[in-house]
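All values derive from a computational prediction rather than experimental measurement. Just so you know, residue 1 is the first one in the sequence shown, and it goes up from there. Side-chain atoms are counted along with the backbone in the values below, which use heavy atoms only and exclude waters and symmetry mates.
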Amino acid sequence: MTDSEVAVGVTHVADDTMKMTGCGSCGMYMILEGAPGKSFVCMKCRLIELMEEKIRGLEMQVESLVEFRKGFEQIMEQRHEVSEGKSSDLQMEAGLGNSEGRLGEESGQWKHVTKRTRQRKRRASEGEIELQNRFAELENEEGAQQVVTEGDRARKKRRAVSPIGKGEELMEITPNMSPRRIQDGLKRITRENGNGKNLQPEGTGDRLENSTVTRKRQVYVIGDSLLRKIDRPVTRADPENRRVCCLPGAKIQDVDLRLKRILKGAGKNPLIILHVGTNDTARFSLESIKGDYARLGRTLKEIEAQVIFSGILPVPREGQQRCDKIMTINRWLRQWCYKEGFGMYGHWEAFMDRGQFSRDGLHLSREGNRLLGWRLAQLIKRALN
């Protein structure tokens, strides 16, 4: 058998397996392997059908909302009409009561009242008003002296006398004044009098030293280099009580070693959000990563805090094998957090677009940083409320 005969046989076999098929919806032809069904529809037509179904569903929802709004407006109109009817009834009853009163005053006879009649009555009644001076008592020396003594007595109750000699100023202290404002007032009086005496009222110094200022809950977002450009959206709502701690190249062990030093002075029951684990997936096995998370969890339990773990993001440059490993760790992390009493917040579906990552395929782009910062800010808002 010659080479040309073999090539002809292979061509016939290829023609038998690959056939030209037309789409039943758009009429476009495609070369497919095998014999497709009679009602073949290409992928683009299927997507268009799904989109049309979604549009029909949205139109039905809009129609239902419009009907609901019309019914609500009718109900509100009916209530408005009922309230107007009640107000008109009350006005009629008031008019009848006034007419009955006038009827009783005028010996059972009706009288036609005009605008001029009402004005004449008002002018006549003005002459009958007796004018009195409410402050006539102050003209007497005894009354004035009594008022002054009562005023002095009330002012003395509201003032704290400073331990200075006679003739020097007093500072008025109200219950709503803060300790810092009291100290500023005492310093001002010291400067005006020109002496270095301590002008604090007795017991004020101890009270100021023992007083504690209530702080808001502190929020700490700690993680690797993926957090380096999200500080603005995270801390915008409360810059004094929110901190983003970025540790470039950090692994789970590094966060565990530095955690207590970072949280020094965090206050009572802070909110801690941890985003770490991306660098561990490139070097360590699953069992080693799970052990590192377990040690970090034991360290967190020693601190009285609310803890939420942020899920590991995909790494587009590494391929499917690395992504499968990250998905396995995220599933285990969710179960482990539920078991240990921690929170877990995943981002996998939100970061499937390659445009959300920079050229290196590991760090986030400007759009990705904005999205991650917004998601963490919303998470903090829900956790604090």
Cluster link [X] to [Y], ILVMFWY, side chain under 4.5 Å:
X	Y	value
I252	L313	no
M352	I312	yes
L274	L384	no
Y220	V276	yes
F342	L263	yes

Using the six-membered ring wherever Trp is involved, compare the ring planes of [X] and [Y] and label them parallel, tilted or perpendicular (cut-offs 30° and 60°).
X	Y	result
Y345	H347	perpendicular
W336	F309	perpendicular
F351	F357	perpendicular

Does atom [atom1] of [X] have more than 12 heavy-atom neighbours, drawn from other residues, nucleotides or ligands, at distances under 6.0 Å?
X	atom1	answer
Q321	CD	no
R56	CZ	yes
W332	CH2	yes

I'd like to check [X] versus [Y] (side-chain heavy atoms, cut-off strictly below 4.5 Å). Are they in contact?
X	Y	answer
H363	R228	yes
M327	W348	yes
H80	I75	no
L371	R375	yes

Apply the test side chain to side chain contact (heavy atoms under 4.5 Å, CB included) to residues I380 and V234: give CA-CA distance (whole Å), side-chain angles for both, the deciding distance (0.1 Å), then the verdict. CA-CA 8 Å; I380 293 170; V234 171; 3.7 Å; yes
Stepwise side chain to side chain contact (heavy atoms under 4.5 Å, CB included) test for Y293 and I329: CA-CA 10 Å; Y293 272 120; I329 293 173; 4.2 Å; yes
Under the side chain to side chain contact (heavy atoms under 4.5 Å, CB included) rule, what do I308 and I272 come out as? Steps first, then yes or no, please. CA-CA 6 Å; I308 301 175; I272 305 172; over 6 Å; no
First locate atom [atom1] of [X], then atom [atom2] of [Y], and finally report the distance between them rounded to the nearest 0.5 Å.
X	Y	atom1	atom2	value
Q218	K216	CD	NZ	10.5 Å
T299	L259	OG1	CG	7.0 Å
R317	S358	CZ	OG	9.0 Å
R69	S64	CZ	OG	13.5 Å
L271	N241	CG	CG	12.0 Å

Could you list the residues that satisfy salt bridge (charged side-chain N to carboxylate O under 4.0 Å, His left out) with D292, not counting sequence neighbours? R295
Mind jotting down which residue pairs meet the salt bridge (Lys or Arg N to Asp or Glu O under 4.0 Å) criterion with at least one end in residues 248-262? Sequence neighbours excluded, please. K251-D254, K260-E302
Strictly by modelled atom types, are [X] and [Y] linked by a side-chain donor-acceptor pair under 3.5 Å?
X	Y	value
R217	Q306	yes
T235	R243	no
E304	N269	no

Any Lys/Arg nitrogen of E340 or K301 sitting under 4.0 Å from an Asp/Glu carboxylate oxygen of the other? yes
Among V307, L379, L227, exactly one meets side chain to side chain contact (heavy atoms under 4.5 Å, CB included) together with I273. Which residue is that? L379
Full working for side chain to side chain contact (heavy atoms under 4.5 Å, CB included) between H275 and V221: CA-CA 8 Å; H275 185 91; V221 182; 5.8 Å; no
